[in-house]
Every structure is written in structure tokens, then in C-alpha cells.
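Working notes for the structure below.
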Amino acid sequence: MLDNKIKSKAEIRAEKLLPGNQNFTTITDDIAGVPESKKTPIQWWLLFGFALSLLAIFAGSVGFLIWEGTGIWGINNPVFWGWAIINFVWWVGIGHAGTLISAILHLFRQNWRNAINRFAETMTLFAVICALVFPGIHVGRIWLAYWFFPIPNQMGLWPNMRSPLIWDFFAVFTYFTVSLLFWYTGLIPDLATLRDRAKTNLKRKIYGFFALGWRGGNRQWQHYELAYLVLAGISTPLVLSVHSVVSSDFATSIIPGWHTTIFPPYFVAGAIYSGFGMVMTLSIIARKVYNLGHIITVEHLDKMAQIMLLTGCMVGYAYSMEFFVAWYSGNAYESFAFVNRALGPYWWGYWVMIFCNVVVPQFFWFERYRRHIPFLFITSILVNIGMWFERFVIVVVTLHRDFMPGAWAMYNPTIFDVSIYVGTFGLFFTGFLLFLRFLPMVSIAEAKLVLPESNPHHGHEE
Amino acid sequence: MKLDSKTYHYSSKKSTNFILMFAGIALLSIAWFAGFESKEFYFSYLTSFFFWLSIILGAMFFTFVHYAFSATWSVAIIRVMENTLMLIPIFTMLFFPIIAGMEMLFKWLPDHSYWLTHSFEADHLIQHKLPFLNKQFFLQRAVAYFSLWNVIAFYIYFTSTKHDTDANHNALIKLKNFTMSPIGVLLFTSITFAGLDWLMSLDPHWYSTMYGVYTFAGSFLAFLAFLTFTLIRLKDQGYLKDIVSEEHFHDLGKYLFAFTVFYCYIAGAQFYFIWYTNIPEETIWYLHRWVGSWKTISILLIVGKFFIPFFALIFRGSKRNLRLLQFMSIWILFMHYIDINFIVMPTLHHDGFHFGIYDIASMLGFAAIFIGGFRYIMSRSPLVPLNDPELIHSINHRNH
């Protein structure tokens, strides 16, 4: 009974996650080969050129914004918050998958994360940078943006610690700092690998400098694993806290449609959802361009689709609860806000959100859709469109019809709203493509952990 | 490796278990008989009912997670969870006194005593909610929840125990397909609406979108504590030797810690947004719980349900110390009772916390039924899924 010779799940998992005859050497060669290669794929150059032109648009638009002021945006009375906050929340949300994958899935011993965690963490860093741009530039007088910081200034002003906007600042900066440390800690063994394989002295010096003298000894690994575990423990509450704090920007107000108690877990689920959407989009492109289909396998995409299904159902649950309780509360303003979302002038925004976020992931109940790469690619983009519209619905659609019908107005984004948003993609992709070019996009050390011979009990079980 | 069959065959006297269950039913019946006309009884009964039911609902959720994600480490303890599920049929029956006492419990019924002196029609909020909060729909929903829970419990339990005898591994695929399906969505929805119906609607004016998650978080934490307590008890009695080890308890300790934090996050966020915005129709729920000795209970919950378990369980050593874990699991269950009491009772006792004869009788009655039933179910099948190919890996499981 107990000694039947069925392959264990761990062995099956290893075969699925690293198919074919892969060993320590081939994994190192395949992954390290990308930054070492002299020939950069033509697709990289095309994308990089495209990203740089978007970055130029970004720089130009932000420059003009600083010169001219926030009047160039479409914001009006009553829609004081427009695309800037939507984009901020959207980018922060995307940044959530990185920490979830690297911290929470690590604590849950989900070793399929090993092939995508570096990817997701890097995406997190650049997404959070893109997010932080918006609070920085929305202040109008950008030279006073340092008033965010609780430091003495000539006006004797202190940030209002009772305002969720200031908690945002701390939450997002903490998140960025810890994510950066986590990302860098994970990189150290790989940087040492690149250093040892470097062909030129300059490369050896640069990689060696950042590898912090890593030698891969037993004691170093012990300290490293402990540090990694501690960082995972610290990051785990951050996954929940950052978007909970972002949600409090809305939920601490008394605006119908914003003030609702479910906001924190609902925002966190949505953030993880969009983050996985972005990881999916990027990894499908990267595995194709760099021929890494045997390292980022269909199995990995399948698992990500399962998480997207779970988080998609969670946001669906939140939308339904909000709607139900808006009616149940008997509060006329609350009901109006929700009926207005679904049937008002911006009805299309609401239904794009419902379609992309709730309807589309239902296909993932079926295995064949979770493993159909073109379908996954389209879905992952739809999810991010849907998540953008979720924030659009929350911000613009809620504000445009507030308590005073005399003040109701429609919101029309200007070309600068669009160019700054599109421009952040330039910022994001420029950074991300440079990472792909110079650093290993999959954690070499961790990818190997899936191999059965990495298990300390390998060959000694039973 | 061969396991000694004594370690996984739970033996308990059938007669003792039935006497225990019978005693519980008798106690509840006497209490019901004595308090037939008294609100006191029905509120106490509802509190105890939900306390024990939430453990079963938590077990249902954990079983779903175990099968849907093909978890390995928990294979050695899954049968204990599945045994908990099988108490659902008894609890379906035990729901009847609540139906009988609906007029005593729920203010949204026109027959409630409050409406003898007040005009039911003038309460426009309740009037607005009548399409949802009415006797017929309430009962239909209750039938729907219990049907779903019974179907889930029977399907999982019998598929899994059948696997013990016929060793047909298709059972595991069936269970995976069953749990990783929209039934999981239905389960979560039913837990949400059970919480809304049986707890939140006690104050029919008040509402919170978080309530479903709040009910779930409390239930899951309570089940984790129950599971930890049961496993330690079984080990103390000599069962599960060489099967459930310190490593499993370490993981359970992590779960207890994580869900203590999660519960605090959910309950805290619900309170926090209501406190911050300070809208009277929402703050009233917390204001009722800040009067007289309820204030002490509110503070006790913050300290006892969060700070004490948080600091007790944060250390690695404490998660591997069975005596401490045992104490903490009892403590968490105790705090869960206080929590349910804090949710239900202020509707009845506006002035402060009461713990009367009906509370004692219904808690003891339910405990006797639950424990008697649970011991009986445990003795019906092996304590571990013997033919699960992952059992050996779960036994050898290590926290690195």
C-alpha cells in the first residue's frame, strides 16, 4: 500500500517544469547565454527603439506638464481625479505579482515560481517606478514635491498624517525598497555566475562588483537562504498592505461607491490579477524571442492562468457584493452610484470591466484554454485593459455624478492624459528591455531547484 | 515502510459516543423547552450553533484547497478534515430551533416583538429590504446552503474513504475535478450569505460589504485551531505515531499565525473604514459594542484574538512546541466564541456582556453532539488516506 512505486507529484512536477534532458549545465548555458550573447535579437532592437520613442513622448509630455501645469489634463470639477490616479493605481497593481510570486509562493513552497520570479520581480520594480511618477507630477508645483517627505521645510508644514495619500507615499516607497532588496538578494548568486563566465575583464569587474564577493560556499548559501526567507516573510504583509493603503485613498472618503469596507481585499485581489496578466504577457513574448520555451513552460503558464482564474473570481465576487450591498443598504446615493456605473453615460466602461475581468477568465476552468498560448496572450492583455477600466469606473464614473446634479459633468481626457500614460510604457519597457539584455531573466540558481537532484533528500527517501 | 494499523485505526466505544450525542440533544431540548418563549435561549442557541458550524465550514474550505491545489504536506491530516465535514447532516437538523425562533431573533420579521409598540410599515429601510429579508426567501436560502454543504460533505467523504478500500486512484482525480470547479465559488458564496442571513441581518439596518470575507476569515481560523487541537489530542492518545510529526504542526502553526493576521486584517479594515468615515448608520454597529461591558469585550478581542496569538506564534520554536500550540488552539477557539458572542449578543443585551444558563447549556449541548459525532465518524474509517500515493511524502515532509 504505502510502498507502491508510483511517481511522486514532486517528480512529475519536475518533469513538467523542466522537460527534456536538462541538467545544471544546460540551464546555466541557456539562461546566462542571453545576456552573454553578442548577437541581440532583431526583435529586441525593434522593441527597444519603440520603447525609446515612447520614452521621448513621456519626457516631452511631462516637461510640458511641468511648464504649463495640470490644466493641460482633462480634469474638471467634479472630476478632480482623472487619469493620473487611475494610472498610478494601475501601475502599482501590476507591481503586485512580483512580490506575490517571490514571497508568498515561496512560503507556500510552490517551486514552479522559480522560472518566473525574477521576471515578475523586475516587472514589479519598473511598474512601481512608473506608478511613483504620477503622484510626483500631479502636484502642479513639482519643485515642492519634497513636501511629501516628513522633513522640516521653510513653511513649517508637515504632511497631514491623517491623509491616506501620505500613507500611500510611505506604503509604496516601503514596497519599492523591499522589492529592490529582494530582487537584488536573489540576483547575487546569478551575478557571480555571470562573473565567473565573463570573457572580458570589464564584464568580470562589473558583474564581480555587484556579486559582492559571492563564492557559493556552504556557509554563504546558508546565510543566503535565511536572508531570502526573512525577506519573503517581510514582503508577505507588504503584498497585502500596499494596495490596502491605496484602497484607503478611496474608502476613507464618504463618496458613494468609494466608501465600502470590502475595498482592501478587493484591491489586493485585483492588483495580483493584473500583475499576473502583465507577467503572462511579458513571459509569452520573452520565451518566444529567446527560445526559452523549455524553461518557462506551458506548465508555468497554466499555473499562472489558475491564479488569474482565482483572482478574477475574487474581483467578480467583490463587484457583486458591492452591487448587492448598494441595494441592500437602502441608501439612495449608494444605489444611484452603482446603477449609474452600469447604466449611466459611462456604461461601456463598466461592461468592458465586467467582460475582461469576470467573463474572460472563466475560460480558464478548462485546461485546454489554460494551455493555449495565443489565447493566453490575448487574455492577459484583456485582463490589463479590464483592470485599467476598473480604476476608470472607480475614479471617473463615481466622480462625474456626485451629490450635486448642477455640478455633473462628463470627463474628456486630453492628448496629454493619453501621451503621459502611453509614455509610461516607454519608461517601463526601456527599463525592462535593458534588464533582459544585461541580466539573467530567469533565476539560474532557483530554476535548478526544481531538478530532483537539488533535493537534499534526493536518493535517500523511503 | 509499513505503518502499524493501531496508529491509524481510531477506536472509541460506539455506545459512549451515542450517549454523548444523546446527552447533548437532551440538554439542548431541555434548554429549548425551558426557554421556548424566551429570546435569551434563541440568541444563545444561535451563538453556539454558529460557533460549531463555522468549524465545519472552515474544514470544507481547507478540504477544497487541499484537493484543488494537490497539496502534499497535508495528505496525512486530510482525513481529520474530511471527518469534520460529516457533521453537516447533524447540523442541518440542529438548524430547526433557529427556524422555530425566527420571530424572536430577527427584527425584520413583522411578528417580532419590537413591532408590537412600533410601526413596521414606518421603518422604510426594512421595507426596502423585504424582497430579500422575508421568511420564505430566508428559508429557501437556508435550504440551498445546507443542500450544497451536504452534497459537498458526502461527495468528498465517500469518494475519499472508498479510495481506502479499492485503491483506485481515479478517486483523487475526481476529487481534484470536484474541488477545482465552480462549486468552490458556490461554497464561498454560501458562506458569505449564511453570514449575512444569520448574523448580519440581526441588525437589519446595518450593512458591510466585507461581511462575507469576515465570516469566512473567522470560520477558517476557528477550524485551524480545532484541527491543531484534535491532532495533538490524537497524538497524545498514541494515534498517528510516525505519521503526523512536528513538521506538520510547524506548518499548522504557520497557518494559525497567518490566519490570525488575516482575520485581524479583515476585521480591522472593516472597523477602520467605518470609524474613519464616521457615518452614523454604519458606526451604530460598533457603538452598540462599545457600551458597558461590551467595551471590555471589544478590547479583549483586540488583545486576545490578535496580540496574544501573534506574539505567541511568531517564533519558530513555538510552532514546534506542541503544548504551546495546544494551549493556543484552545485559546483561539475561546476567542472565536467570544467573537461570535460579540457579533450576536449585543442585539439582545444592549447594556453589556451576559453569560447565562442558556449560553452554558447550548455550548455544552453542541459540544457534546459535536464531540460525540466526531469521535464516531473518526472510528468509521482510517485516520489517514491509506492509498494516497502522496501519503509517504507527507509523512516524510520536512520544513527546510
Side-chain angles (χ1 to χ4, degrees), chain A residues 1-10 13 107-110 162 164 225 229 236-237 240-241 244 247-248 251-254 258-266 268 306 309-310 313-314 316-318 320-332 334-335 362 365 455-457 461-462, chain B residues 1-3 68-73 124-129 131-133 167 169 180-182 184-185 188-189 192 196 205-214 254 258 261-262 265-266 268-274 276-279 281-282 386-387 389-393 395-396 398-400:
Chain A
M1 283 198 296
L2 273 172
D3 39 25
N4 49 6
K5 285 286 170 231
I6 292 179
K7 269 186 191 166
S8 77
K9 276 180 203 156
R13 233 172 253 157
L107 296 184
F108 277 116
R109 297 189 282 258
Q110 298 292 315
R162 282 184 282 184
E225 290 289 338
L229 190 65
T236 299
L240 293 173
S241 73
S244 300
S247 81
S248 67
T252 52
S253 74
I254 52 164
W258 281 8
H259 170 67
T260 178
T261 46
I262 204 172
F263 254 38
Y266 153 39
V268 172
Q306 289 180 22
L309 173 63
L310 179 72
C313 288
M314 285 180 186
Y317 171 86
S320 324
M321 278 319 284
E322 274 189 327
F323 226 105
F324 172 73
V325 173
W327 170 79
Y328 178 88
S329 69
N331 180 331
E334 200 74 32
S335 323
Q362 301 306 321
W365 289 110
N455 188 329
H457 303 292
E461 281 181 1
E462 283 145 271
Chain B
M1 184 179 149
K2 279 275 178 237
L3 292 171
F69 294 108
S70 316
T72 306
W73 75 273
H124 74 277
L125 275 175
I126 292 183
Q127 293 296 321
H128 173 82
K129 294 176 195 197
F132 182 73
L133 296 179
H169 292 318
M180 213 190 138
S181 73
V185 179
F188 200 87
T189 312
T192 300
L196 255 61
H205 288 183
W206 188 75
Y207 57 90
S208 165
T209 41
M210 185 77 108
Y211 211 85
V213 190
Y214 180 57
K254 290 181 208 165
V261 177
F262 181 74
Y265 165 66
I266 295 296
Q270 174 169 274
F271 167 75
Y272 170 72
F273 288 123
I274 288 173
Y276 196 102
T277 41
N278 207 10
I279 301 172
E281 64 193 53
E282 292 181 350
L386 289 176
N387 289 321
E390 290 300 309
L391 181 59
I392 185 76
H393 298 282
I395 292 171
N396 289 331
R398 294 280 175 280
N399 284 289
H400 293 301

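None of these values were measured; they are calculated from a predicted model. Residue numbers start from 1 in every chain, and the chains themselves are labelled A, B, ... in the order their sequence lines are given, proteins ahead of strands.
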If you count heavy-atom pairs under 4.5 Å with chain B, which of A:Leu240, A:Leu309, A:Asn331, A:Leu310 comes out on top? A:Asn331
Checking heavy atoms, do the side chain of B:Trp73, its backbone, both or neither come under 4.5 Å from chain A? side chain
Heavy-atom proximity to chain B below 4.5 Å, by part of A:Gln362: neither
About how many Å separate CG of B:Asn396 and OG1 of B:Thr72, when rounded to the nearest 0.5 Å? 12.0 Å
State whether the side chain of B:His128 and the backbone N or O of A:Ser329 hold a donor-acceptor pair below 3.5 Å, judged by distance alone. no
Looking at side-chain heavy atoms only, is the closest gap between A:Leu107 and A:Thr236 below 4.5 Å? yes
How are the rings of A:Phe324 and A:Trp327 set relative to one another: parallel (under 30°), tilted (30 to 60°) or perpendicular (over 60°)? tilted
Under the 3.5 angstrom rule, does the side chain of B:Thr209 hit a backbone N or O of A:Thr261 as a donor-acceptor pair? yes
Within a reach of under 6.0 Å around CD1 of B:Ile279, are more than 12 heavy atoms found that belong to other residues, nucleotides or ligands? yes
Picking from A:Ser244, A:Pro237, A:Ala326, which has the most non-hydrogen pairs under 4.5 angstrom with chain B? A:Ser244
So, the part of B:Tyr265 with a heavy atom under 4.5 Å from chain A: the answer is side chain
B:Gly212 and B:Thr192 have their tightest heavy-atom pair at CA-CG2, 3.6 Å
Pairwise side-chain contact, B:Ile274 with B:Trp206, heavy-atom cut-off 4.5 Å (strictly under): yes
Check each atom of A:Tyr328 against the heavy atoms of chain B and say whether the ones under 4.5 Å are side chain, backbone, both or neither. both
Most heavy-atom pairs under 4.5 angstrom with chain A, which of B:Ala167, B:Ala269, B:Pro182? B:Pro182
Between A:Tyr266 and chain B, which part of the residue has a heavy atom less than 4.5 Å away: side chain, backbone, both or neither? neither
When the 4.5 angstrom heavy-atom criterion is applied to B:Ile126 and chain A, the contacting part is neither
Hey, which of A:Glu322, A:Arg162, A:Gln110, A:Glu225 has the most heavy atom pairs under 4.5 Å with chain B? A:Arg162
Can you tell me which portion of A:Ser320 sits under 4.5 Å from chain B's heavy atoms? Options are side chain, backbone, both or neither. neither
Please tell me whether B:Phe273 and B:Tyr276 form a close aromatic pair, meaning their ring centres lie under 6.0 Å apart. no
Greatest number of non-hydrogen atom pairs under 4.5 angstrom with chain B, of A:Pro265, A:Ser253, A:Cys313, A:Ser241, falls to A:Pro265
Looking at B:Met180, B:Lys254, B:Gln270, which has the largest count of heavy-atom pairs under 4.5 Å with chain A? B:Met180
Against chain A, label B:Gln127 side chain, backbone, both or neither, depending on which of its atoms sit under 4.5 Å from a heavy atom there. neither
What are the two closest heavy atoms between B:Glu282 and A:His259, and how far apart are they? OE1-NE2, 2.6 Å
Which atoms of B:Val213 approach chain A - backbone, side chain, both or neither, heavy atom under 4.5 Å: both
Counting N and O atoms only, with roles assigned by atom type, does the side chain of A:Ser248 sit under 3.5 Å from a partner on the main chain of A:Pro164, one being a donor and the other an acceptor? no
Contact origin within A:Phe263 toward chain B - heavy atom pairs under 4.5 Å: neither
Below 4.5 Å from any heavy atom of chain A, which atoms of B:Tyr272 appear? Answer side chain, backbone, both or neither. side chain
